[in-house]
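Report on one structure; see the data block that follows.
Just so you know, these numbers use all the heavy atoms, side chains as well, and skip hydrogens, waters and symmetry mates. Computed from a predicted model, the values in this text were never measured in an experiment.
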Amino acid sequence: MSIVLTHAYYLSTDPKEQKIMKPYPPLGLLYISGYLKEKCVENYVFDTTFNSKSQQLKFIASKTPEVVAIYTNLMTKVEVIKLISLLKKDETYGSPKIILGGPDVTYNSENYLNAGADYLVLGEGEQTIYELYEALTKHLDVNDVTGIAYLSEGKVIKTKPRIKLKDLSALPLPNRKAINMQLYLETWKNNHGSSSMTVSTQRGCPYTCKWCSTAVYGQSYRRRPAKQVAEELAMLKNEYNPDHIWFVDDVFTVSHKWLGEFHKEVIAQDAIIPFECITRAERLNDTVLNLLKEAGCFRIWIGAESGSQKIIDAMDRRVDVDVVKTAIQKTNALGIETGTFIMVGYPGEDTEDINTTIQYLKDANPTHFTITVAYPIKGTSLYNEIEDKITVKPNWETSTDRDIDFERTYSRKFYDYAVKRVVNEVSYYKEIKKQENKNLKKAFKHKIKSILANSLMTVLK
């Protein structure tokens, strides 16, 4: 008896990511694999990132497992549904029970179960997967397993919610040896000259941003001991020697006490590896920034979302835009790179808000920023607010939440052009600001694109 853990992200079919080439391994599946291994449950991880679906199916056929557990999210959902269908149709794969987990299943339970999944894991996966696997293979009552959903006579049955794991120190490390980590390291090295790995130190987020999903870890805050995290870094440094680390936590500096302990431990254990992290502006100050720099931090992503206080308040971000701007500027001054996230098209946003965001980015001057058009994820406060204003809701099985549209101040196309305007206007500003830039051709190309995008926005208003 065995279980195959897998997902449905195929780098070879993603042209955008092929240009970026910054893949990371499926850390959640590796945590589950490590937990099952500790419980002496035979498990295999088939990592699809560098493989094809046909290779994935061949592997599953070779194992004929009792259970296939698949991680799914809103971006891989369509491929996951195709995979379920193939596994269900052909007895070559051993007719395994299909278990799905991930952030997308909690609020789409009926859809996933009707698509062929036998069971869903609602919330954190380690304990639930283990107990459900034991119940299935030993023919025990699955209703005794908390935190799952399944169909019975066409009706969705949900067992009692699982109590969140309080002591994260009890979790074994992710089973990185279950996959070919070298492929990730080499891909990064070959494309960017440096390699990167991921580490998780916390679960949950205590903040209330309306657009953010808390389907897996909930609105909570739980942290692994700083000493244990430093030990993991020391191990990674010794076994894999990555050039830098990406901490996947939502708010890395939420606890200043923990950060002080982390700083002390990485130095004591000679576990410093250059790293980048995400945090909120109000959880940064001069002391925190210095601790981060001394512990190896080379880049901090500071959540902004908008330069307009009106939009920030509508998002329930509970932060002052000037606090965010100052945090970015202070971080830059200390020699740490900065990044921020911008969202346009949030309910109520107008041209003035977009212009304010452009000026904010010029003034704050983050080293990097990403930008997207706001979209509602099912289960979030944003989705609940706009549900009766949805204008485009494509077929669930063949689309993602990104494809949903709703009544905004202007059309979706307007905000697509707004993205281009923000990117090019800020890029123009940055190019002009470079004193050493003698060739302004590149700068003016950005300016022309910004003017064109602005013209099209005006037409669409």
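- For the pair E38 (side chain) and G34 (backbone), a donor-acceptor distance under 3.5 Å is absent.
- Side-chain contact check for Q309 and D313: at least one donor-acceptor pair (N or O, by modelled atom type) lies under 3.5 Å.
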Stepwise side-chain contact (heavy atoms from CB on, under 4.5 Å) test for I129 and Y35: CA-CA 9 Å; I129 283 280; Y35 189 86; over 6 Å; no
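- Looking at T208, its side chain does come within 3.5 Å of a backbone N or O of D316 through a donor-acceptor pair.
- Looking at K433 and N365, their side chains come closer than 4.5 Å, going by heavy atoms from C-beta outward.
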Verdict with supporting geometry, K420 and D416, salt bridge (charged side-chain N to carboxylate O under 4.0 Å, His left out): CA-CA 7 Å; K420 294 180 180 180; D416 289 336; over 6 Å; no
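- Judged purely by distance below 3.5 Å, without hydrogens or angles, the side chains of D243 and S195 pair a donor atom with an acceptor atom.
- A cation-pi geometry, defined here as NZ or CZ lying under 6.0 Å from the six-membered ring centre and within 45° of its normal, holds between R203 and Y31.
- Judged by distance alone, with hydrogens and angles left aside, the side-chain atoms of R318 form no donor-acceptor pair with the main-chain N or O of Y207 at under 3.5 Å.
- Seen from the ring of Y24, K22 does not count as a face-on cation partner, given the 6.0 Å and 45° thresholds.
- The aromatic rings of W246 and W301 sit perpendicular to each other, their planes meeting at more than 60°, with 30° as the lower class boundary.
- No donor-acceptor distance shorter than 3.5 angstrom exists from the side chain of S450 to the backbone of H446, with no hydrogens or angles considered.
- Looking at S427 and N424, their side chains never bring a donor and an acceptor atom within 3.5 Å of each other.
- Neither side chain, T72 nor D104, offers a donor N or O lying under 3.5 Å from an acceptor on the other.
- When side chains are defined from C-beta on, Y184 counts as touching T49, because their heavy atoms get closer than 4.5 Å.
- Counting only heavy atoms from C-beta outward, the side chains of H256 and N285 approach each other to under 4.5 Å.
- In this structure the side chain of R421 reaches within 4.5 angstrom of the side chain of N355, judged on heavy atoms.
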Ring pair (Phe, Tyr, Trp, His ring centres under 6.0 Å) evaluation trace for F252 with W258: CA-CA 10 Å; F252 190 73; W258 183 92; 5.6 Å; yes
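- Rounding to the nearest 0.5 Å places CG of N175 at 9.5 Å from CG of L36.
- Put simply, the side chain of N43 gets close to the backbone of V41: a donor and an acceptor are under 3.5 Å apart.
- For the pair R162 and Y217, the NZ or CZ position fails the cation-pi test of under 6.0 Å to the six-membered ring centre and within 45 degrees of the ring normal.
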Trace of the salt bridge (charged side-chain N to carboxylate O under 4.0 Å, His left out) decision for R224 with E265: CA-CA 13 Å; R224 295 171 58 204; E265 287 293 341; over 6 Å; no
R299 and E276: CA distance, side-chain angles, deciding distance, salt bridge (charged side-chain N to carboxylate O under 4.0 Å, His left out) verdict: CA-CA 5 Å; R299 182 184 298 141; E276 59 182 312; 3.1 Å; yes
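- Here the CD-CG distance, from Q329 to D363, works out to 7.0 Å after rounding to the nearest 0.5 Å.
- Side-chain N or O atoms of K449 include none that pairs as donor or acceptor with a backbone N or O of V423 at under 3.5 Å.
- One finds the OG1 atom of T400 at 5.0 Å from the CE atom of M75 (value rounded to the nearest 0.5 Å).
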Residues K378, D401; criterion salt bridge (charged side-chain N to carboxylate O under 4.0 Å, His left out); working and verdict: CA-CA 7 Å; K378 195 170 182 181; D401 288 352; over 6 Å; no
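- With rounding to the nearest 0.5 Å, the separation of OG1 in T372 from CD in E305 is 10.0 Å.
- In terms of heavy atoms, K393 sits closest to I390 at CB-CG2, 3.8 Å.
- Side-chain contact between N241 and L185 is absent, with no heavy atoms from C-beta onward closer than 4.5 Å.
- A cation-pi arrangement is present between K447 and Y428, with the terminal nitrogen or guanidinium carbon under 6.0 Å from the aromatic centre and inside a 45° cone about the axis.
- Under the 6.0 Å distance and 45° angle rule, R176 does not count as a cation-pi partner of Y240.
- Judged by the 6.0 Å distance and 45° axis criteria, R408 is positioned over the aromatic ring of F406.
- M21 CE to N191 CG: the interatomic distance, rounded to the nearest 0.5 Å, is 4.5 Å.
- At least one donor-acceptor pair closer than 3.5 Å links the side chain of T409 to the backbone N or O of E349.
- Between I278 and D249, every side-chain heavy-atom pair lies at or beyond the 4.5 Å cut-off.
- T6 places a side-chain N or O within 3.5 Å of a backbone atom of F46 that can act as its donor or acceptor partner.
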Candidate pair I342 and Y360, rule side-chain contact (heavy atoms from CB on, under 4.5 Å), full reasoning: CA-CA 11 Å; I342 296 296; Y360 157 81; 4.3 Å; yes
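- Between T279 and R283, the shortest heavy-atom contact is OG1-CB, 4.0 Å.
- Of the possible polar contacts, one joining the R222 side chain to the L165 backbone as a donor-acceptor pair under 3.5 Å is found.
- For the pair H7 and V80, the minimum side-chain heavy-atom distance is 4.5 Å or more.
- Taken from CG in L122 to OH in Y107, the straight-line distance is 10.0 Å, to the nearest 0.5 Å.
- Between the side chain of N290 and the backbone N or O of D286 there is at least one donor-acceptor pair closer than 3.5 Å.
- In terms of heavy atoms, G303 sits closest to T340 at C-OG1, 3.9 Å.
- Two residues are said to be in side-chain contact when any heavy atoms from C-beta on lie closer than 4.5 Å; V254 and R223 meet this criterion.
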